[in-house]
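Some notes on the structure that comes next.
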Amino acid sequence: MTGNAVRSTSKKTESGHRTGRFGSGPHVGRVAHDALVIVIMLLLLAVPFWLLIVTAGKSQSEALQLNMAPPSRWLLFDNFATVIREGKMVQAFIGSVVVTLPAVLIAILCGSMASWIFARRTTKAMSFCYALAISGLILPPAVVTVMMLLKMIGLSGTAIGMICVYVGIYLSTVIFFVTGFIRTIPSSLEESMRVDGASPARIFFTLILPLLAPTIATATILLILYIWNDVFYALFILSGKMNTLPLNLYNVASAGLYLNNWHLIFAYIILMSLPLLIIFAVAQRKIISGITGGAVK
């Protein structure tokens with residue numbers, strides 16, 4: 001009896017060692033895989049950022065070498081001051097804000113209202129209208145036609161015209177994100193408010209819109225990224241009559257002010273991207289929750 005117990009105990013112990021040894025293998029593999037992914041992502045992100053910062057902190061002669069070596073003397077803030085003073089960044093920043101904020105607000109509001117209708121009405125005609133509304137995601141806008149139309153109505157080269165163009169371009173993005181999220185909201189909530197005599201406007205602004213906060217946050221940040229960094233449409237629509245930050249960088253670089261001045265170009269890019277980096281760092285969780293909660297569903 002004692003011998004059998006000892007053998008049984010030794011078998012269990014040996015089996016436990018084997019289970020622990022083989023069971024820890026996948027766990028170690030997962031940890032190693034996660035660590036490898038983190039290292040690769042850090043390299044992919046850190047190398048461009050490091051190149052951007054060190055180049056912006058160099059003198060003109062050192063910046064022409066275009067390497068990742070740190071400067072012999074850091075001139076980062078001096079280059080920032082030169083860019084702000086000579087590059088007319090203040091006026092360009094005001095232009096970007098004037099164009100970006102109204103365009104984003106109008107696109108978000110109108111797109112959310114349209115998404116509510118598309119999500120609640122499931123007729124064939126409404127499905128066709130929804131497909132037509134989100135077709136802007138894949139169909140490029142006719143730039144020449146838009147330019148001619150704006151000239152005909154007197155909005156070419158104006159902030160209002162640029163805002164209208166951005167709203168028309170990115171309205172499809174808002175509708176695509178928000179419609180999927182509204183479909184997950186029970187319609188019984190709206191029906192109970194209708195029974196109480198609430199108007200459609202009250203239902204939307206007091207019930208639907210607050211529930212859309214995560215998806216609206218995602219769409220808002222994406223639209224800000226698109227519009228803030230846009231130079232293509234601004235170049236054709238504004239035609240030099242108004243400046244935004246990317247358009248101003250293109251203009252001053254083309255005029256020769258920043259010709260071979262890579263340290264000033266990189267300093268300009270840092271200052272131009274700084275607001276976006278702050279917004280993304282603060283709201284990155286809302287971006288992820290909005291994508292998983294809305295567009296994926």
(request) Taking ring pair (Phe, Tyr, Trp, His ring centres under 6.0 Å) as the test, write out the residues that go with Trp228, two or more places apart. (result) Phe93
(message) Under the rule for ring pair (Phe, Tyr, Trp, His ring centres under 6.0 Å), what residues qualify as partners of Phe236, not counting sequence neighbours?
(response) Phe232
Could you tabulate the donor-acceptor pairs under 3.5 Å formed by side-chain atoms of residues 111-121, not counting sequence neighbours?
unit_1: Ser112; atom_1: OG; unit_2: Ile108; atom_2: O; d: 2.7
unit_1: Ser115; atom_1: OG; unit_2: Gly111; atom_2: O; d: 2.7
unit_1: Ser115; atom_1: OG; unit_2: Thr179; atom_2: OG1; d: 3.2
unit_1: Trp116; atom_1: NE1; unit_2: Glu190; atom_2: OE1; d: 3.3
unit_1: Trp116; atom_1: NE1; unit_2: Glu190; atom_2: OE2; d: 3.3
unit_1: Arg120; atom_1: NE; unit_2: Glu190; atom_2: OE1; d: 3.4
unit_1: Arg120; atom_1: NE; unit_2: Glu190; atom_2: OE2; d: 2.7
unit_1: Arg120; atom_1: NH1; unit_2: Ile182; atom_2: O; d: 3.4
unit_1: Arg120; atom_1: NH2; unit_2: Ile182; atom_2: O; d: 3.4
unit_1: Arg120; atom_1: NH2; unit_2: Ile185; atom_2: O; d: 2.8
unit_1: Arg120; atom_1: NH2; unit_2: Glu190; atom_2: OE2; d: 2.8

Distance-only donor-acceptor pairs under 3.5 Å for side chains of residues 157-166, two or more places apart:
unit_1: Thr158; atom_1: OG1; unit_2: Leu155; atom_2: O; d: 2.6
unit_1: Thr158; atom_1: OG1; unit_2: Gly161; atom_2: N; d: 3.2
unit_1: Tyr166; atom_1: OH; unit_2: Asp230; atom_2: OD2; d: 2.5

Listed partners of [X] passing side chain to side chain contact (heavy atoms under 4.5 Å, CB included), at least two apart:
{"X": "Arg73", "value": "Leu75"}
{"X": "Ser273", "value": "Ile269"}
{"X": "Val195", "value": "none"}

Please determine whether residues [X] and [Y] belong to a single hydrophobic cluster, defined as Ile, Leu, Val, Met, Phe, Trp and Tyr linked transitively by side-chain heavy-atom distances below 4.5 Å.
{"X": "Leu271", "Y": "Val90", "result": "yes"}
{"X": "Trp74", "Y": "Met68", "result": "yes"}
{"X": "Met148", "Y": "Leu235", "result": "no"}

Atom of [X], atom of [Y] and distance for their closest heavy-atom approach:
{"X": "Leu245", "Y": "Tyr268", "answer": "O-OH, 2.8 Å"}
{"X": "Ala267", "Y": "Ala56", "answer": "N-CB, 3.7 Å"}
{"X": "Gly87", "Y": "Asn248", "answer": "O-ND2, 2.6 Å"}

Would you call [X] and [Y] a side-chain contact if the rule is heavy atoms closer than 4.5 Å?
{"X": "Ser156", "Y": "Met147", "answer": "no"}
{"X": "Leu212", "Y": "Phe177", "answer": "no"}
{"X": "Thr82", "Y": "His263", "answer": "no"}

(request) Among residues two or more places apart or on two chains, list those pairs meeting side chain to side chain donor-acceptor pair (under 3.5 Å) that have a residue in residues 46-58. (result) Lys58-Asn67
(message) Enumerate the salt bridge (charged side-chain N to carboxylate O under 4.0 Å, His left out) contacts for residues 265-278, please, sequence neighbours excluded, ordered by first and then second residue.
(response) none
(request) List, by chain and number, the other hydrophobic cluster members for Leu105, where Ile, Leu, Val, Met, Phe, Trp and Tyr join if side-chain heavy atoms come within less than 4.5 Å, directly or indirectly. (result) none
(message) Who clusters with Leu277? Use side-chain heavy atoms, under 4.5 angstrom, across I, L, V, M, F, W and Y, and order the result by chain and number.
(response) Phe49
Using residues 122-137 as the side-chain source, report each donor-acceptor pair under 3.5 Å to any protein atom, sequence neighbours left out, with the distance given to one decimal.
unit_1: Thr123; atom_1: OG1; unit_2: Met126; atom_2: N; d: 3.2
unit_1: Ser127; atom_1: OG; unit_2: Thr123; atom_2: O; d: 3.0
unit_1: Ser135; atom_1: OG; unit_2: Leu132; atom_2: O; d: 2.6

(message) Check this for me: Phe80, atom CZ, are more than 12 non-hydrogen atoms of other residues, nucleotides or ligands nearer than 6.0 Å?
(response) yes
